[in-house]
Amino acid sequence: MRKALVVFAVAVALAGCSTARERVVILSPPTAVVVQPQPVARRVEPPRSRADMDSMAALRPGRGYVAAFPEADRRAACDRLEYRPGTRAYSRCLQGDFPENPYFASAGNRRSR
């Protein structure tokens with residue numbers, strides 16, 4: 001049994017040595033592609049604290065309202081208020097310009113749809 005294992009090991013060793021190694025020959029020099037770096041555009045949002053979210057400034061229609069609330073939340077609010085998507089009133093609602101906005105109630109000048 002021992003002799004059989006030695007013969008098998010020698011046969012495997014010889015079989016491994018007898019195989020030819022593959023060579024890769026490169027006939028052309030390596031080429032490099034030069035690409036101009038593109039500027040990275042990042043949208044930096046200021047960190048929102050809970051105090052900013054609760055202030056009346058966050059409820060003011062326009063950029064502040066859009067920045068204070070994610071689009072999904074604004075759309076859900078407009079849907080709950082029964083504004084129809086695709087109308088001018090719905091697009092104004094997405095920007096915080098709707099009479100149910102607490103900003104208008106505190107300012108005393110409620111707007112109509």
Side-chain angles (χ1 to χ4, degrees):
M1 179 73 170
R2 194 174 208 177
K3 285 184 178 180
L5 288 176
V6 170
V7 170
F8 180 72
V10 169
V12 169
L14 288 177
C17 292
S18 66
T19 59
R21 291 188 177 148
E22 295 180 17
R23 290 188 182 179
V24 176
V25 177
I26 299 175
L27 298 176
S28 65
T31 57
V33 177
V34 179
V35 178
Q36 292 288 341
Q38 298 295 321
V40 176
R42 292 185 180 151
R43 185 175 163 198
V44 178
E45 294 182 16
R48 291 186 280 171
S49 67
R50 192 67 187 157
D52 290 341
M53 291 293 290
D54 293 336
S55 70
M56 282 293 153
L59 296 174
R60 184 178 199 165
R63 290 183 187 174
Y65 184 84
V66 171
F69 301 101
E71 184 179 359
D73 293 345
R74 291 183 284 128
R75 286 188 182 279
C78 293
D79 291 342
R80 279 193 307 271
L81 293 171
E82 298 178 356
Y83 285 94
R84 287 190 342 216
T87 62
R88 182 177 293 169
Y90 189 82
S91 64
R92 285 195 333 245
C93 176
L94 289 176
Q95 296 176 4
D97 190 7
F98 54 94
E100 294 85 358
N101 188 335
Y103 173 79
F104 295 128
S106 69
N109 57 351
R110 296 184 65 131
R111 293 187 179 181
S112 62
R113 287 186 197 179

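Excluded from the calculations below are hydrogen atoms, water molecules and symmetry mates; all remaining heavy atoms, backbone and side chain alike, are included. In this text, all values refer to a predicted model and were calculated from it rather than measured experimentally.
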Exercise for review: Quick one: list whatever passes side-chain contact (heavy atoms from CB on, under 4.5 Å) with Arg74, sequence neighbours left out.
Suggested key: Tyr65, Val66, Phe69, Glu71, Leu94
**Study point:** Partners meeting side-chain contact (heavy atoms from CB on, under 4.5 Å) with Arg63 (sequence neighbours left out)
**Key:** none
Could you report the tightest heavy-atom contact between [X] and [Y], atom names first, then the distance?
| X | Y | answer |
| --- | --- | --- |
| Arg60 | Tyr103 | NE-OH, 3.6 Å |
| Tyr83 | Glu100 | OH-OE1, 3.5 Å |
| Phe104 | Gly96 | CE1-O, 3.9 Å |
| Pro61 | Asp97 | CB-N, 3.9 Å |

Exercise for review: Nearest 0.5 Å please: distance from the OG atom of Ser91 over to the CZ atom of Arg88.
Suggested key: 7.5 Å
Study note, to complete from the structure: dist Arg80:CZ -> Cys93:SG (nearest 0.5 Å) comes out at 9.5 Å
